[in-house]
Structures are given as structure tokens and as C-alpha cells.
Asker: 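Below are the C-alpha cells for one structure; questions will follow.
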Amino acid sequence: MEKKVGVLALQGGVSEHIDLLKEIENVSPIPVKKAEQIPGLDALIIPGGESTTIGKLLKKYDMIDAIKELKHRNKPIWGTCAGLILLADKIENKDMIHLGLIEITVKRNAFGSQLDSFITKKIIPAVSPEPVELVFIRAPIITAVGEDVRILAKIEDKIVAAEKDNILVTSFHPELTDNPTFHQYFINKIIH
Amino acid sequence: MTEQIEERYRVNKNLAQMLKGGVIMDVTTPEEAKIAEEAGAVAVMALERVPADIRKKGGVARMSDPKMIKEIVEAVSIPVMAKVRIGHFVEAQILEAIGIDYIDESEVLTPADEEFHIDKWAFKIPFVCGARNLGEALRRIGEGAAMIRTKGEAGTGNVVEAVRHLRTVNSQIKRLTNLGNEELMTEAKNLQAPYDLVKYVAEKGKLPVVNFAAGGIATPADAALMMQLGADGVFVGSGIFKSGNPEKRARAIVEATTHFDDPDILARVSEDLGEPMSGLDIREIPAEQKLAERGW
């Protein structure tokens with residue numbers, strides 16, 4: 001049966017995720033703008049964009065509890081860049097958090113301004129034996145992880161991808177490449 | 001193009017992609033920047049005067065004081081953009097040195113060069129440029145712009161020119177997709193646009209960069225109109241801080257941009273916003289005062 005994979009569509013790089021999901025068999029990507037769409041999903045992607053903007057709209061449109069409920073039912077959730085910030089349970093220099101679904105501490109704009117955005121290639125053993133392209137746009141990093149949070153990738157000494165249970169976070173943007181490997185890795189979490 | 005310039009251009013286009021579905025707001029002080037961020041803006045445009053005041057004041061409008069721009073960078077965590085005069089590459093060098101996130105080579109300021117736009121390939125920092133039609137958009141992209149905004153007529157609170165420019169770009173794109181390969185060189189000549197970019201648009205049916213709408217957007221309905229017409233997002237200049245209740249209007253425009261296709265939400269957010277900015281009839285603006293005519 002086709003798996004319904006939601007892409008939170010409040011703001012940001014939504015169509016990029018949807019285009020890559022279309023390349024994976026038995027996946028039906030769905031842009032999600034309303035809380036009532038969330039319970040029927042098999043998985044959810046929170047895309048890159050501006051975390052303050054998306055965070056405010058999540059709250060305003062009562063979507064926070066619906067997403068937490070998805071986690072309780074063990075449905076996979078993946079946040080890229082802004083999505084990582086929204087899923088974190090601690091944000092440096094900020095009192096507030098958004099969803100708090102994974103025990104990581106996040107530093108926003110950790111590399112600097114747009115002038116410090118960059119692309120690199122790296123093998124992430126958990127995901128693929130081939131090197132994958134990692135695109136960092138005003139990217140955050142993970143500065144601390146809780147118990148049982150598995151670190152998937154580091155750039156120098158900075159943590160840029162991690163997972164725990166069915167929550168996956170990446171500070172880079174696999175949706176800005178034409179390679180669906182990372183999306184396939186995420187989709188495999190539904191089946192298992 | 002060297003690999004380095006290619007990669008830089010790609011991440012610069014990528015940042016614009018992350019702004020999609022969002023509202024970029026003009027702000028003149030750190031306080032306004034915080035209000036904009038709090039309302040859900042995806043970025044702010046730091047400038048000394050909003051276009052409506054530039055229009056009123058007359059004289060030469062230039063890049064803002066770097067001190068004021070730096071204060072705004074300090075005040076918010078969202079990306080900060082600032083404007084330079086068309087062709088003024090030294091103003092652009094200064095903004096790149098400050099380390100802001102995006103430069104708008106803008107017709108709202110008084111052009112510094114009446115023949116040439118900035119060679120944007122010479123910079124690391126991304127540029128957004130205005131366009132009234134597809135040819136103008138592709139010329140700017142050919143010069144290295146990583147994002148386009150349709151010009152509209154800034155500082156008028158009148159959306160009619162924004163609609164005209166976006167509809168023009170869209171219909172010219174549609175036309176290109178119906179042409180045969182043998183017709184594209186002549187079409188490139190007619191559009192006065194680089195052939196490789198004309199070919200890209202003909203094949204893909206879209207611009208190679210993100211395209212926001214700008215110039216005259218004053219209400220949530222205006223923002224949703226531009227989104228329904230196919231804009232990737234909107235710039236709101238004078239429309240917010242020249243209105244009666246900027247906080248509330250800013251929030252409403254953010255919600256309208258996300259839920260542009262839901263009339264029930266649009267009706268709710270449009271309620272009770274106080275006085276909008278007062279508008280100008282485009283037909284009453286003398287030709288020499290039309291900002292959109294600047295640039296080529």
C-alpha cells in the first residue's frame with residue numbers, strides 16, 4: 001500500500017522534498033497545512049525554511065499536539081535545517097522550544113551568515129556506502145545530545161545529523177540535491 | 001564558470017528557496033525588525049526610508065547607513081537584506097563586507113549607472129533583482145542574480161503593477177514552453193535574453209531561480225492574490241509600517257501568504273486590521289516618477 005508521507009507546507013523548501021519523494025516507490029507525498037491532515041500520515045517531514053516563521057504558524061494553527069501524537073504512535077518524523085530546530089528540546093540562547101521531540105541542543109546559524117553557507121560531500125555509513133552531497137544554508141548544528149541519541153554525521157567536530165527512535169534530524173538539506181538516498185533512508189523507517 | 005563560483009551560486013539560489021512561502025518585510029529600525037520577526041517574517045529588508053517616504057521626499061535615495069544595517073543584523077536571527085542603487089557595485093562591496101545575507105539591487109533607490117547593472121558574478125553574496133517581464137528577469141539572472149522579484153510599483157500601496165508584471169512573466173514563460181527548438185534563438189533575440197536561459201525556461205516551464213512578488217502589496221488579500229498568481233513569496237515594503245496597526249497587519253499578511261488558497265482563513269485574518277496605508281493611483285504618477293521604469 002502507498003505510504004502517505006506529509007511535508008509540512010507552512011513555509012520553506014516544500015516542493016523540493018515532494019519532488020524527491022516522488023522518485024521513491026509506494027510513497028504518496030502530501031503537503032500539510034492543517035492539523036486535521038496529520039493523524040492520517042505514515043510519516044512527516046519538516047522542511048528547511050525559517051524556524052521562527054514555521055514555529056509561529058505551527059502554534060497558531062494548533063498543529064503541535066497533532067505532531068506529538070504522531071511521535072507517540074511511533075510514526076517517523078524528519079526535520080531538515082529549520083525542521084531540526086523545531087524538533088530540538090533545547091535551543092541555545094533561547095528559552096522557548098517548539099516541538100521538543102528529540103533530546104538535542106541546537107545552535108542556530110552556527111556557521112555564520114549566508115557568506116558562510118557551503119556544500120560538501122561525505123560518506124554517512126548508516127545511510128549509504130556512497131558519499132552524499134551535504135548542503136548547508138545558514139545551518140544550525142547540534143552542540144549536545146541526550147542519552148541514546150545516535151550521532152549519524154559530523155563535520156569537523158560539529159554534529160550535523162542524529163536520530164533517536166523514529167525522529168531523524170539533519171542540519172543540511174538532502175532535498176536540495178537530486179539524490180533521493182537520504183529520503184529512502186527515512187522512508188525505510190516506516191516499513192521497519 | 002569555475003566550480004567555486006558555481007557552488008556559491010547554487011547555495012545562494014538555495015537560500016532563496018528556503019524563503020519560499022514567506023514574507024520579506026521592509027524595516028527602518030531594530031524595533032521594527034523585531035516586530036517583523038515576531039510576526040513571522042522570513043527575512044527583513046533594512047533601509048532608512050520605506051519606498052512611500054522615498055517617493056515623498058524626492059532627491060537621491062542611496063544605500064542605508066551601514067551602522068543602521070548592522071544594528072538590524074544584531075536585532076534579529078532571520079536573514080537580513082539591504083538595498084543598493086542599480087549599478088553601484090561599491091555600495092554592494094560595502095554590504096558584502098558587513099556580512100548581511102542578501103543584496104537587493106533596487107529601482108527604489110536612485111540608479112547610479114544608467115547603462116549597466118552590477119556584475120553579480122563578482123560577488124560571494126547573493127543578489128535579488130527586480131523585473132517587469134521575462135526578458136528583464138533573464139538578463140538579471142544572466143548577470144548572476146540568485147533571486148528575482150517582480151517590480152510592481154513600490155511605495156504606492158497599489159497592487160496593479162505587481163499583478164501586471166507577474167502575469168507578464170508567467171504568460172511569457174507559458175509561451176516559451178510551446179515553442180519548437182528552432183524558434184528559441186529568435187525568441188531570445190525578441191526577449192533580449194541569454195539563449196541558454198531561454199532554453200532552460202522553455203524546457204522546464206519555470207525560471208531557474210525563486211521569484212517573489214513586490215511593489216504595492218498592502219493587504220493580506222493582496223499577498224494571497226500574488227501567491228495564487230504563482231509568486232513564490234512576497235515582499236511588503238511600505239504596506240506594513242505605514243499602516244494603522246503594523247503588528248497585526250504583519251501577522252495577517254504572513255498567515256495569508258501561507259494559507260493563500262483558503263478563503264475562510266483569508267476572511268478571518270483580513271478582519272479589523274485598522275487603516276491600511278493610503279494608496280496612489282498609478283495613472284496619476286508622472287512617468288518620470290515611476291520606479292519600475294528604472295533598470296533595463
Asker: Please say whether more than 12 non-hydrogen atoms of neighbouring residues, nucleotides or ligands are located less than 6.0 Å from CG in A:N26.
Answerer: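 Yes, CG of A:N26 has more than 12 neighbouring heavy atoms, counting only those of other groups under 6.0 Å.
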Asker: With only heavy atoms counted, which part of B:I265 is less than 4.5 Å from chain A, the side chain, the backbone, both or neither?
Answerer: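 The side chain, not the backbone.
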Asker: Is it true that atom NZ of B:K206 has more than 12 heavy atoms of other residues, nucleotides or ligands lying nearer than 6.0 Å?
Answerer: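 12 or below, so no.
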Asker: For A:K4, does the NZ atom sit with more than 12 other heavy atoms under 6.0 Å from it, leaving out its own atoms?
Answerer: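 It does not: A:K4 NZ has 12 such atoms or fewer within range.
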Asker: Is the number of heavy atoms from other residues, nucleotides or ligands under 6.0 Å of B:K70 NZ greater than 12?
Answerer: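 Atom NZ in B:K70 is not crowded, with 12 or fewer foreign heavy atoms closer than 6.0 Å.
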Asker: Is any side-chain heavy atom of A:Q114 closer than 4.5 Å to one of B:I125?
Answerer: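 They are not in contact (no side-chain heavy atoms under 4.5 Å apart), so the answer is no.
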Asker: So for B:A43, is it side chain, backbone, both, or neither that comes closer than 4.5 Å to the heavy atoms of chain A?
Answerer: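 Neither; nothing under 4.5 Å.
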Asker: Show the nearest heavy-atom pair for residues B:M18 and A:G48, with the distance to one decimal.
Answerer: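 For B:M18 versus A:G48, the nearest heavy atoms are SD-C, 3.4 Å.
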Asker: Quick one: which of B:K20, B:E38, B:K124, B:E37 has the most heavy-atom pairs under 4.5 Å with chain A, could you say?
Answerer: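 Max contact count across the listed options: B:K20.
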Asker: Take atom CD in B:Q4; do more than 12 heavy atoms of anything else shown fall under 6.0 Å from it?
Answerer: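 Counting other residues, nucleotides and ligands, CD of B:Q4 stays at 12 neighbours or fewer.
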Asker: Scan residues 125-138 of chain A for pairs that pass side-chain hydrogen bond (donor to acceptor under 3.5 Å, both in side chains), counting only residues two or more places apart or in two chains.
Answerer: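 Of all non-adjacent pairs touching residues 125-138 of chain A, those that pass side-chain hydrogen bond (donor to acceptor under 3.5 Å, both in side chains) are A:E133-B:R10, A:R138-B:D101.
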Asker: Grab the two heavy atoms, one from A:E50 and one from B:P79, that are nearest each other, plus how far apart they are.
Answerer: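 Smallest interatomic distance, heavy atoms only, reads OE2-CD, 3.3 Å.
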Asker: Please check if the number of heavy atoms outside B:E3 that lie under 6.0 Å from its CD is greater than 12.
Answerer: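 No, because the 6.0 Å sphere around CD of B:E3 holds 12 heavy atoms or fewer from other groups.
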Asker: Give the minimum heavy-atom separation between A:L115 and B:G99, together with the two atoms involved.
Answerer: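 Of all heavy-atom pairs spanning A:L115 and B:G99, the closest is CD1-CA, 3.9 Å.
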Asker: Between A:T52, A:I119, A:I54, which shows the greatest number of heavy-atom pairs under 4.5 Å with chain B?
Answerer: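 Of A:T52, A:I119, A:I54, A:I119 has the most heavy-atom pairs under 4.5 Å with chain B.
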Asker: Considering residues, nucleotides and ligands other than B:F260, do more than 12 of their heavy atoms fall under 6.0 Å from its CZ?
Answerer: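 It does: B:F260 CZ has more than 12 such atoms within range.
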Asker: Contact part of A:S117 toward chain B, heavy-atom cut-off under 4.5 Å: side chain, backbone, both or neither?
Answerer: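 Interface part for A:S117: both.
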Asker: Find out whether B:N14 and A:H173 are in side-chain contact, i.e. whether some heavy atom of one side chain is under 4.5 Å from a heavy atom of the other.
Answerer: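 No - every pair of side-chain heavy atoms lies 4.5 Å or more apart.
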Asker: Sequence neighbours excluded and cut-off under 3.5 Å, please list the side-chain donor-acceptor pairs for residues 28-38 of chain A, or say none.
Answerer:
| from | atom 1 | to | atom 2 | distance (Å) |
| --- | --- | --- | --- | --- |
| A:K33 | NZ | B:T258 | O | 2.5 |
| A:K34 | NZ | B:D262 | OD2 | 2.5 |
| A:Q37 | OE1 | A:K33 | N | 2.7 |
| A:Q37 | OE1 | A:K34 | N | 2.9 |
| A:Q37 | NE2 | A:P31 | O | 3.1 |

Asker: Which one wins on heavy-atom pair count under 4.5 Å against chain A: B:G22, B:S77, B:G21?
Answerer: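 Heavy-atom pairs under 4.5 Å are most numerous for B:S77.
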Asker: Can you say whether B:R8 sits under 4.5 Å from chain A via the side chain, the backbone, both, or neither, judging by heavy atoms?
Answerer: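 Answer is side chain: those atoms of B:R8 sit under 4.5 Å from chain A.
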Asker: Please state whether the side chain, the backbone, both or neither of A:I137 comes within less than 4.5 Å of a heavy atom of chain B.
Answerer: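 Just its side chain gets close to chain B.
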